[in-house]
Novice: 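Before I ask anything, here is the structure I am working with.
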Number of protein chains: 2
Amino acid sequence: MRYEQLADLPCSITRPLVVLGDRWTLLILKEAFAGVRRFNAFQSNLGIPRSRLQDRLARLVDHEILVRQQAVDGDHVEYRLSRKGHDLYPILLAIKDWGDAHMAPDGPPVHYRHRDCAGEARVTLACDCCGERMTAHDVVPEAGPGLLAHVDAGARG
Amino acid sequence: MRYEQLADLPCSITRPLVVLGDRWTLLILKEAFAGVRRFNAFQSNLGIPRSRLQDRLARLVDHEILVRQQAVDGDHVEYRLSRKGHDLYPILLAIKDWGDAHMAPDGPPVHYRHRDCAGEARVTLACDCCGERMTAHDVVPEAGPGLLAHVDAGARG
DNA sequence: TAGCGTCGGTCTCGAAAAGAGACCACCCTG
DNA sequence: CAGGGTGGTCTCTTTTCGAGACCGACGCTA
């Protein structure tokens, strides 16, 4: 149980990773973004053991990243992305950009194209104030409200 | 060995995840981006078992994401981000954005600010042609050269 | 030179997680 | 009633992980 306690740390990278950071979870979400909704489809597309898939889907539902429901015609179960889950898309696209750049010697296996446009989807890191593109070197960390709240809670508790 | 074979699939999300998708790897890289370079610093900052850290660092060095070298003053070992590793930053920032949005009830623990600017670093998904901002709904997958090369190789082999 | 601390790194061992595959109840269809 | 598909569970084996002792090399200092 030590590892799960990392989720208590005041860090917005660590906390998601405790949920998403394992062998299968992001792959399951990749499938979900590709339109997969059914248990058996996830299972056969990924080759994941069924019990493992069951664990992961349950955890994603717990965290309200996926929603489990009966299909509209009522004859099977569906796992669909919630709004919160949908917001994960930039993470997968950032991974894809890196994969294309560094693990695709023959070029991108799949283009992710803008609907009705010749362009491709790209993740960019930029300043939300001046709009300038940024890299890690341009970034300076600074304490935010979540950290102060965490310190206060620690002082009280 | 089944799981590692996922890296052979022609998918630029799957392939990086086989390397990055575990409990610790992205956390180690987060520390690296925060300036950590030394074995013991990674270990004590994260609380990761030493043998595990050793595995992960070795794998990251194998994949040329980190570079292992003697420090300039020669008295200790350093693990530094390569260019390839440096390019992972948007992934961590995309995770951080999601964490701020969905797992930080008290607000962001840390602001990632643009140096010499009031702004914050933000990851955005946009079309590289028309510049329009996009979500998962605006994206259409299309076969690329890497997929064709993979199919050809399969047909030959 | 003996003692001590720190460095990156290794080894062992018990606990936890993952993988495989059989098995299940349910529903529908022929 | 048989057959196939559904989501899901159970069991057993293998792999991975976690905790912590242990190691040699190095630098310092008494």
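Letters go in sequence order (proteins before strands), and every chain restarts at 1. The basis for the numbers below is simple: all heavy atoms, side chains too, and nothing from hydrogens, waters or symmetry mates.
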Novice: Would you mind classifying the nucleic acid contact of Tyr79(B) as base, sugar-phosphate or nothing, using non-hydrogen atoms under 4.0 angstrom?
Specialist: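 Touches sugar-phosphate only.
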Novice: In chain order, what residues pass the salt bridge (charged side-chain N to carboxylate O under 4.0 Å, His left out) check against Asp128(A), with sequence neighbours excluded?
Specialist: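 Result, salt bridge (charged side-chain N to carboxylate O under 4.0 Å, His left out) vs Asp128(A): Arg122(B).
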Novice: Counting only side-chain N and O atoms of Gln54(B), is one of them less than 4.0 Å from OP1 or OP2 of dT10(C)?
Specialist: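 Looking at the OP1 and OP2 atoms of dT10(C), one of them is under 4.0 Å from a side-chain N or O of Gln54(B).
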Novice: To the nearest Å, how far apart are Asn40(A) CG and dT9(D) P?
Specialist: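 These atoms are roughly 13 Å apart.
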Novice: Do Thr135(B) and Tyr89(A) come close enough that some side-chain heavy atom pair is under 4.5 Å?
Specialist: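 No, every pair of side-chain atoms sits at 4.5 Å or beyond.
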Novice: Can you tell me how far C1' of dG19(C) sits from CG of Leu46(A), to the nearest Å?
Specialist: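 Distance, rounded to whole Å: 14 Å.
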Novice: What do you reckon, is CG of Asp116(B) surrounded by more than 12 foreign heavy atoms closer than 6.0 Å?
Specialist: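 Incorrect, the count does not exceed 12.
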Novice: Rounding to a whole Å, what distance do you find between Asp55(A):CG and dG8(D):P?
Specialist: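 Between P of dG8(D) and CG of Asp55(A): 12 Å.
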Novice: Just how far, in rounded Å, is P of dT6(D) from CG of Leu53(A)?
Specialist: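 Those two atoms, CG and P, are 13 Å apart.
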Novice: Going by the rule salt bridge (charged side-chain N to carboxylate O under 4.0 Å, His left out), which residues pair with Asp22(A) if we only count those two or more places apart in sequence or in a different chain?
Specialist: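 Arg56(A), Arg59(A).
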Novice: Can you sort out the partners of Glu142(A) under salt bridge (charged side-chain N to carboxylate O under 4.0 Å, His left out), two or more places apart, ordered by chain and number?
Specialist: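 Salt bridge (charged side-chain N to carboxylate O under 4.0 Å, His left out) check on Glu142(A) returns Arg113(B).
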Novice: To the nearest Å, give me how far apart CG (Asp75(A)) and C1' (dG4(D)) are.
Specialist: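 Asp75(A) atom CG is separated from dG4(D) atom C1' by 14 Å.
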Novice: Could I get a table of every N or O pair under 3.5 Å where one atom is in the protein and the other is in nucleotides 18-20 of chain D?
Specialist:
unit_1, atom_1, unit_2, atom_2, d
dG18(D), OP1, Arg23(B), NH1, 2.9
dG18(D), OP2, Trp24(B), NE1, 3.0
dG18(D), N7, Arg52(B), NH2, 3.3

Novice: Which nucleotide in the set dA17(C), dC7(C), dG8(D) lies at the smallest distance from any side-chain heavy atom of Phe39(A)?
Specialist: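 Of all the options, the side chain of Phe39(A) is nearest to dG8(D).
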Novice: Going by atom type alone, with no hydrogens or angles, which donor-acceptor pairs under 3.5 Å involve a side-chain atom of residues 100-107 of chain A and a protein atom two or more places apart or on another chain?
Specialist:
unit_1, atom_1, unit_2, atom_2, d
Asp100(A), OD1, Ser12(B), OG, 2.5
Asp100(A), OD2, Lys96(A), NZ, 3.0
His102(A), NE2, Asp87(B), OD2, 2.7

Novice: State, yes or no, whether a side-chain contact exists between Ile28(B) and Ile48(B) at a heavy-atom distance under 4.5 Å.
Specialist: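 Side-chain contact under 4.5 Å: yes.
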Novice: Rounded to the nearest angstrom, tell me the gap between atom NE2 in His76(A) and atom P in dC27(C).
Specialist: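 Spelled out: NE2 on His76(A) to P on dC27(C) is 16 Å.
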Novice: Among residues 57-71 of chain B, which residues get a heavy atom nearer than 4.0 Å to DNA chain D?
Specialist: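 By residue number: none to list.
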Novice: Under 4.0 Å from OP1 or OP2 of dA18(C): is there any side-chain N or O of Arg56(A) that close?
Specialist: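 Yes, such a contact exists.
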Novice: Could you tell me the separation between the CD atom of Gln43(A) and the P atom of dG21(C), rounded to a whole number of Å?
Specialist: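 To the nearest whole Å, that distance equals 11 Å.
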Novice: At less than 4.0 Å, is any side-chain N or O atom of Arg37(A) found next to OP1 or OP2 of dT6(D)? Yes or no.
Specialist: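 Answer no for this pair, as no side-chain N or O of Arg37(A) is under 4.0 Å from OP1 or OP2.
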Novice: Answer yes or no: are there more than 12 heavy-atom neighbours, outside Gln69(B) itself, under 6.0 Å from its atom CD?
Specialist: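 More than 12 heavy atoms, drawn from other residues, nucleotides or ligands, come within 6.0 Å of this atom.
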Novice: Would a hydrophobic clustering, with Ile, Leu, Val, Met, Phe, Trp and Tyr connected at side-chain separations under 4.5 Å, put Val67(B) with Val61(B)?
Specialist: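 No, no single cluster joins them.
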Novice: Whole-Å distance between dC17(D) C1' and Gln5(A) CD?
Specialist: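 After rounding, the gap between these two atoms is 16 Å.
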